[in-house]
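Each remark here refers to the structure printed beneath this line.
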Amino acid sequence: MKIGIVGSGNVASHLVRALKNAGYPIAGICSRRLSHAEKLLNEIGDFEQATIATESIEDLFPADVLILAVNDDSILEVAQVLSKIDPGSCVIHTSGSTALSLLSEHFPNCGVLYPLQTFSKDRRVKFSSVPFFIEASNKKTLDLISSIAYNISERVVEMNSEQRRRMHLAAVFACNFVNHCYVLAEQEMIKCGLDFELLLPLIDETTSKVHRLSPQQAQTGPAIRNDKRIINLHKALLGQPEQEIYQLFSDNIQRYKL
Ligand SMILES: NC(=O)c1ccc[n+]([C@@H]2O[C@H](COP(=O)([O-])OP(=O)(O)OC[C@H]3O[C@@H](n4cnc5c(N)ncnc54)[C@H](OP(=O)(O)O)[C@@H]3O)[C@@H](O)[C@H]2O)c1
């Protein structure tokens with residue numbers, strides 16, 4: 001079974017490596033900018049079969065399965081192009097919040113292979129422990145996606161589009177917004193000439209605590225104690241919109257106080 005990859009970004013670059021390591025022949029990597037597809041192909045290297053880099057999706061055929069690891073706003077556009085080339089293709093996207101129906105309107109055999117992890121191109125991830133959430137338009141395609149997922153990961157769960165969207169929203173809070181808080185924290189450290197690294201033991205313990213305590217039980221700090229004097233001192237150090245963010249967070253922490 002040959003797999004064609006559309007996209008050469010964060011997810012595509014990890015996925016193509018994992019699929020290759022699992023022994024799947026890769027028909028090619030297609031990216032909007034040819035140089036990006038070529039760069040990824042060169043970085044991975046050592047493909048057993050002839051694998052191409054291209055900017056035209058047609059060149060990926062005769063792939064049996066096409067994985068669209070493109071930004072969410074491009075999935076529909078790529079699906080529309082693909083449906084004109086071969087509506088019989090098995091097409092899979094990797095998005096958390098894009099419904100399966102976006103593909104099933106175009107392809108009878110389609111599905112979702114959503115990895116719940118944060119991928120950055122230059123940071124290696126242990127794929128076997130990344131949970132994959134899968135969905136498909138029919139049993140045959142579900143079995144196919146399930147076998148691909150189990151060949152690259154130990155954790156595979158079937159989930160519908162609605163649940164997946166809600167889980168992705170939770171992931172935005174748990175990962176993207178938390179990371180943005182690190183950005184804000186780093187700015188405050190820089191203002192007084194301190195290194196962000198000093199915060200790492202605190203960050204590590206905060207993350208590790210929620211393996212044992214519920215997030216509500218684990219909360220500490222001026223907001224949960226309702227220490228108004230400290231809250232006002234902190235707010236006085238901030239400009240806008242950070243002062244507003246601080247107040248919104250503090251109010252929201254109070255709302256969830258046990
Ligand atoms: N990053 C994560 O942590 C993560 C985790 C789980 C799921 N996802 C999902 O995985 C998908 C990809 O995310 P990402 O973070 O990998 O995005 P990304 O790094 O921004 O990469 C997007 C890729 O899509 C390509 N692309 C866009 N339009 C295209 C088109 N018309 N034809 C061919 N290629 C096209 C871009 O090509 P060029 O580079 O050539 O412009 C780029 O390589 C999204 O659905 C996202 O929700 C992401």
Side-chain angles (χ1 to χ4, degrees), residues 3-19 26-44 51-61 63 65-86 89 91-103 106 110-135 145 148-149 152-153 155-157 159 161 163-180 182:
I3 299 181
I5 306 284
V6 187
S8 60
N10 294 316
V11 169
S13 52
H14 284 276
L15 205 50
V16 75
R17 268 191 192 87
L19 291 166
I26 307 294
I29 299 166
C30 167
S31 205
R32 194 165 37 188
R33 278 164 283 190
L34 178 61
S35 61
H36 289 183
E38 286 173 339
K39 187 165 179 275
L40 179 57
L41 193 71
N42 288 337
E43 275 166 15
I44 296 171
T51 302
I52 57 148
T54 179
E55 57 193 342
S56 329
I57 295 180
E58 295 108 294
D59 295 345
L60 293 181
F61 289 91
V65 174
L66 287 144
I67 300 183
L68 314 185
V70 299
N71 49 298
D72 295 74
D73 285 350
S74 296
I75 297 175
L76 180 61
E77 175 202 323
V78 173
Q80 283 168 338
V81 173
L82 257 176
S83 66
K84 290 191 185 102
I85 303 167
D86 184 3
S89 312
V91 180
I92 300 168
H93 76 62
T94 61
S95 163
S97 289
T98 304
L100 174 66
S101 57
L102 189 136
L103 293 180
H106 301 279
C110 60
V112 180
L113 179 66
Y114 171 60
L116 184 64
Q117 189 48 278
T118 170
F119 297 101
S120 295
K121 243 183 171 179
D122 299 322
R123 174 144 176 102
R124 285 284 160 110
V125 167
K126 192 177 164 219
F127 239 77
S128 56
S129 53
V130 173
F132 276 84
F133 296 87
I134 63 168
E135 187 182 9
I145 297 174
I148 295 174
I152 54 179
S153 170
R155 296 186 62 191
V156 181
V157 179
M159 185 176 275
S161 293
Q163 292 168 316
R164 198 177 60 255
R165 188 183 313 131
R166 185 69 72 171
M167 190 176 68
H168 182 222
L169 168 63
V172 168
F173 277 112
C175 168
N176 309 136
F177 287 174
V178 168
N179 192 69
H180 185 66
Y182 298 158

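Note that ligands are numbered from 1 as they come in the structure, with each ligand's atoms numbered from 1 the same way.
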Please tabulate, for side-chain N and O atoms in residues 72-84, each donor-acceptor pair with protein atoms closer than 3.5 Å (sequence neighbours left out).
residue	atom	partner	partner atom	Å
Asp72	OD2	Ser95	OG	2.4
Asp72	OD2	Thr98	OG1	3.2
Ser74	OG	Asn71	OD1	3.3
Ser74	OG	Asn71	ND2	3.2
Ser83	OG	Ala79	O	3.4
Ser83	OG	Gln80	O	2.8

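- Put simply, the side chain of Leu19 reaches to within 4.5 Å of the side chain of Ile67, judged on heavy atoms.
- Contact check for Arg33 versus Lys39: no side-chain heavy atoms found under the 4.5 Å cut-off.
- Checked against side-chain hydrogen bond (donor to acceptor under 3.5 Å, both in side chains), His168 has the following partners two or more places apart in sequence or in another chain: Ser97.
- Near ligand 1, heavy-atom contacts under 4.0 Å come from Val6, Gly7, Ser8, Gly9, Asn10, Val11, Ser31, Arg32, Arg33, His36, Ala69, Val70, Asn71, Asp72, Ser74, Glu77, Val78, Thr94, Ser95, Tyr114, Pro115, Gln117, Thr118, Phe119.
- Put simply, the side chain of Ile134 does not reach to within 4.5 Å of the side chain of Ile92, judged on heavy atoms.
- Partners of Lys121 according to the salt bridge (charged side-chain N to carboxylate O under 4.0 Å, His left out) rule, which considers only residues two or more places apart in sequence or in another chain, do not exist here.
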